[in-house]
Amino acid sequence: MPFNLAVMATFRLLVSKVWSVPLFLLVASILAALVESGSPASLAYQRGAVLEGEIWRALTAHFVHFGYLHLALNVSMISLVFLIFGGLRGLREWFLIMFLCCLGISATFLVLEPDVQWYLGLSGVAHGLTVAGATFSVLKREAVGSVVFAGVLLKLLAENAKPGALHAAAFLGGPVLEVAHLYGAMWGLAGAVSVHVCWRRLQPTHDAFS
């Protein structure tokens with residue numbers, strides 16, 4: 001691709017509606033921080049509270065962070081994902097996958113992780129969106145998708161080598177629950193494959209003379 005065409009394509013991507021997803025996550029997280037006023041008690045995932053009926057936590061937990069550095073790192077990762085893969089699918093598909101990752105991670109905690117009593121942050125969703133983007137890229141036979149997919153897989157294998165790992169990250173302000181990255185990646189993969197299958201089925205059928 002000629003340099004000028006590459007620049008124009010990059011500019012169109014930067015101003016496209018696809019950036020609505022990272023922007024939505026950023027705004028939602030800032031609003032959650034303002035609501036919480038420094039305490040994530042009412043919006044974070046807390047197993048007991050969810051089981052008692054506070055089901056909104058299954059969604060809002062992903063918008064709450066330990067601090068603005070934690071938020072900035074997560075949103076930066078998601079923005080990079082959309083810079084690389086954002087143009088591969090439309091806005092509706094990306095929002096669908098994003099919400100699927102949010103609710104899927106929380107549901108998986110409830111069913112498979114009874115020892116996980118609380119969780120907050122976008123890192124699981126970020127991994128889900130990364131895997132979804134890489135999957136779309138692989139389906140288009142793009143090399144970058146394979147590289148990113150392999151990198152995430154190696155990262156997840158290293159992180160989850162010891163089940164139940166909960167590593168402290170002092171600079172973030174709290175511990176990192178790395179199994180959330182695994183579940184996010186799984187739901188991101190499931191969402192991407194589902195979107196791809198549905199998209200193919202909805203494509204108009206061409207007759208033999210087209």
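We use all heavy atoms of the structure for the numbers below, so side chains are in, but hydrogens, waters and symmetry mates are not. Sequential numbering from 1 along the given sequence is applied to the chain's residues.
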- Message: Among H62, H181, M77, which residue satisfies the side chain to side chain contact (heavy atoms under 4.5 Å, CB included) criterion with V125?
- Response: H62
- Check whether any side-chain heavy atom of L154 sits under 4.5 Å from a side-chain heavy atom of F149, and report yes or no. no
- Under 4.5 Å between any side-chain heavy atoms of S20 and F95, yes or no? yes
Is a side-chain N or O of [X] found less than 3.5 angstrom from the main chain of [Y], in a donor-acceptor match?
| X | Y | result |
| --- | --- | --- |
| R57 | V50 | no |
| R47 | L110 | yes |
| H196 | A192 | no |
| Q46 | L43 | no |
| W187 | G104 | yes |

Using 0.5 Å steps for rounding, measure from the [atom1] atom of [X] to the [atom2] atom of [Y].
| X | Y | atom1 | atom2 | value |
| --- | --- | --- | --- | --- |
| F82 | L129 | CZ | CG | 5.0 Å |
| H70 | S29 | NE2 | OG | 9.5 Å |
| L189 | L153 | CG | CG | 10.5 Å |
| L96 | S194 | CG | OG | 8.5 Å |
| L73 | S123 | CG | OG | 10.5 Å |
| L25 | I78 | CG | CD1 | 5.0 Å |

- Could you tell me if the ring centre of W94 sits under 6.0 Å from that of F136? yes
- Task: Report the C-alpha distance between F24 and F63 in whole Å, list the side-chain angles of each, state the deciding distance to 0.1 Å, and finish with yes or no for side-chain contact (heavy atoms from CB on, under 4.5 Å).
- Result: CA-CA 10 Å; F24 169 82; F63 306 139; 4.2 Å; yes
Path from [X] to [Y] over hydrophobic side-chain contacts below 4.5 Å:
| X | Y | value |
| --- | --- | --- |
| L139 | V81 | no |
| V147 | L156 | no |
| V138 | V197 | no |
| L120 | V35 | yes |
| I55 | I105 | no |

- Query: Can you list the steps and then say if Y183 with E113 is a side-chain hydrogen bond (donor to acceptor under 3.5 Å, both in side chains)?
  - Reply: CA-CA 11 Å; Y183 293 147; E113 300 289 344; 2.5 Å; yes
